[in-house]
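The structure under discussion appears below in the form of structure tokens.
Note that the structure is a prediction, hence the values are computed from the model and not measured. Side chains are part of it too, since the values below use all heavy atoms of this structure and drop only hydrogens, waters and symmetry mates. Below, read A as the first sequence line, B as the second, and so on, with proteins coming before strands; counting in each chain starts at 1.
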Amino acid sequence: MTAIPIMRVEGLKKRYGPVHAVDGVTFEIPQGVCFGLLGPNGAGKTTTIEMMEGIVTPTEGKVIFQGHPVGEDFRKKVGIQFQSTSLPEFITVKETLELFRSFYPNPRSMEQIIEICSLDDILKRDNQKLSGGQRQRMLLALAIVSRPEIVFLDEPTTGLDPQARRNFWDLIGKIKAEGTTIVLTTHYMDEAEQLCDLIAIMDHGKILELDEPHKLLHKHFEGALVRVPATDSAAAEEIQSANLDLTLKELLGRGVNLEGLSIHKPDLEDLFIKLTGSSLRV
Amino acid sequence: MKPFIAMFKARTMEYVRDRGSFYWSLLFPLVLVFGFAFAFNGSSSLFKVGVLGAGDPSLAFLKTEQVQFLTYTAETKADSVLDKLRHHSLDAVIDTATKTYWVNKESKNSSVVRLLLTRQEGGESYTEQQVTGQPIRYVDQLVPGVIGMNMMFGCLFGIGFVIVRYRKNGVLKRLKATPVSALEFVLAQGVSRFVIVILTSIFVYEGTNLFLHFMMKGSYLDLLLVMVLGTLSMIALGLVFASRFKNEELANGVINLVTSPMLLLSGIFFSLEGSPVALQWVSQALPITHFLQAARAIMLEGAGLAQLGPDLAFLTLFTAACFGLAAWLFQWE
Ligand SMILES: Nc1ncnc2c1ncn2[C@@H]1O[C@H](COP(=O)(O)OP(=O)(O)OP(=O)(O)O)[C@@H](O)[C@H]1O
Ligand SMILES: [Mg+2]
């Protein structure tokens, strides 16, 4: 990590008529990290990331890239995967990759892209005939053809099966290992936990928390979470416990039936629910 | 240059591989030309004679039943009526004021009409004048029309509609996220469509000419130049539609709204001669009209570029204005 963050956003706001899609966010992304933007639907993640990409013009605030306002060569240095894009029709995966390679001065070699994104099997396939997982791999490939210094991935794994999602994490791991900074949004907490060095939790256009995952957990939770399932006579309970001994004694003292009780380490999912008051609406 | 070539290739492949529209855009014009050539093949049995002047009661010929008489007003130029005789759309022309009649040496119908005229009462006092000219069939006039129509649809939908669809489904947004400039993108789209439309036009012309042997009095090079100008004007107009619309249904509607009057008022299928002056004014404001006037003048009258000044100037100005407007209006999103 170098001293100058690769990207800095200051007081970023976006208004659509009466809707404050993004309502003043400020943060920095250090070089080489994987930065996760989490939040429920409509939180403003896409709007934020697209302002950082220079696709959406902010109503207020600024985006600083490598210490300067976003300039001419920014487009050559970023890789972007949108939440929803169509690929050009009637051309194959390979032709599409060639097309996008032609846009950049020093693109990755075809072999390398195919290798990183495991596109071997589908090179000759028409873009329109890809499965969801193949499509995501292809879109990621397009985002990295340029050897970008920073990659933006907006919900890259939404709609993938668990296996495909894990494969995708491997791809992202490879890109990160090259030193590329990654900014991603996701609805999956396990994904954020697995991939991200820094996470920002957003809701209603504002950043609620931003830190390393374990620090956030440490800050908001002490010890473990004890869950007591519902019984005929009592509702379910969730207790945050700094001292398990004490908690269990207290429960026994109250005559609570301990059958089915579970103790678990708080994770991002718990934090997310605590902060946004909603479980993740995927 | 590399992105331009790659985008040009991608767009052209998209066209060729979209089999349905590909074959449609090639076959439909052929079917039209051949269909009309077949339908209008038999000449009508009636003779047609143009009459200039106030009429002549002493001329029995003017009451002949087998002849259809078309009376022209004093304003009509005698020469334009004689052109119809030269092209065989009239079989003779009579001027009752000067007691003259004209026949076409190369028309059999003309000789029959001459007999009908001179053998009837009053005919002997008329003097004969002759013109020559090969017949212009309906297909000779139609073929530039069909090419113009194909040009219009090919460009307005292939550019206007397709770019709006790219905008709607996010392809444009994805390109905006690359270093490609809007100009490079639009240029690649335009050049691809240009090549496609010019090749299609040549294919349609040559494919039907092989069987129908169109009248071609002028130069093929001039005709090609007029096609180039016509295509550019349509691409430019397509870009105006492509510049802003976000919704393909809306774009589709507006393009249809514009193509329908152009289809009817540009003189593609029938001449607007004799229609209300207002319509003729509208017609003169449409680019396809000028493409057709120029193409027909080259093919049917052997006109050179110098004689086509007004039409070529109109097309050039129209094209420049549309390109300017499109550049001013264009937005990725
Ligand atoms: N172009 C737009 N016009 C009007 N409102 C918009 C526009 N884009 C986004 N919004 C609104 O801004 C808010 C934030 O949207 P955004 O797409 O950033 O959310 P998100 O966090 O990415 O949600 P999701 O998880 O569903 O992708 C939403 O209320 C949305 O309706
Ligand atoms: Mg989103």
Discussion item. With a 6.0 Å cut-off (strictly less than), is the heavy-atom count around NZ of Lys94(A), excluding the residue itself, greater than 12?
Written reply: no
Item to complete: Return yes when atom NZ of Lys62(A) has more than 12 non-hydrogen atoms of other residues, nucleotides or ligands closer than 6.0 Å, and no otherwise.
Response: no
Discussion item. If I measure from the heavy atoms of chain B, does Phe100(A) come under 4.5 Å with its side chain, its backbone, both, or neither?
Written reply: side chain
Fill in: Selection from Glu98(A), Glu95(A), Arg101(A), Gln81(A) maximising heavy-atom pairs under 4.5 Å formed with chain B
Glu95(A)
Fill in: Toward chain A: residues of residues 149-188 of chain B with heavy atoms under 4.5 Å
Arg165(B), Asn169(B), Gly170(B), Val171(B), Lys173(B), Arg174(B), Leu175(B), Lys176(B), Ala177(B), Thr178(B), Pro179(B), Val180(B)
Response to the item:
Taking a cut-off of under 4.5 angstrom between non-hydrogen atoms, the residues of residues 8-17 of chain B near chain A are Ala10(B), Met13(B), Glu14(B), Arg17(B)
Response to the item:
By residue number, those in residues 120-151 of chain A with heavy atoms under 4.5 Å from heavy atoms of chain B are Leu142(A), Ala143(A)
Discussion item. Taking side chain as everything from C-beta outward and backbone as N, CA, C, O, which of these in Phe82(A) sits under 4.5 Å from a heavy atom of chain B? Side chain, backbone, both or neither.
Written reply: side chain
Item to complete: With a 4.5 Å cut-off on heavy-atom pairs, point out which of Lys76(A), Glu53(A), Glu89(A) contacts chain B the most.
Response: Glu89(A)
Fill in: side chain to side chain contact (heavy atoms under 4.5 Å, CB included) against Arg15(A), all qualifying residues, sequence neighbours excluded
Lys13(A), His20(A), Thr59(A), Glu60(A)
Worksheet entry | Heavy-atom proximity to chain B below 4.5 Å, by part of Gln83(A) | neither
Discussion item. Would you say that more than 12 heavy atoms from the other residues, nucleotides or ligands in this model lie under 6.0 Å from the CH2 of Trp24(B), or not?
Written reply: no
Fill in: Which of Pro105(A), Ser84(A), Ser102(A) touches chain B most, by non-hydrogen pairs under 4.5 Å
Ser102(A)
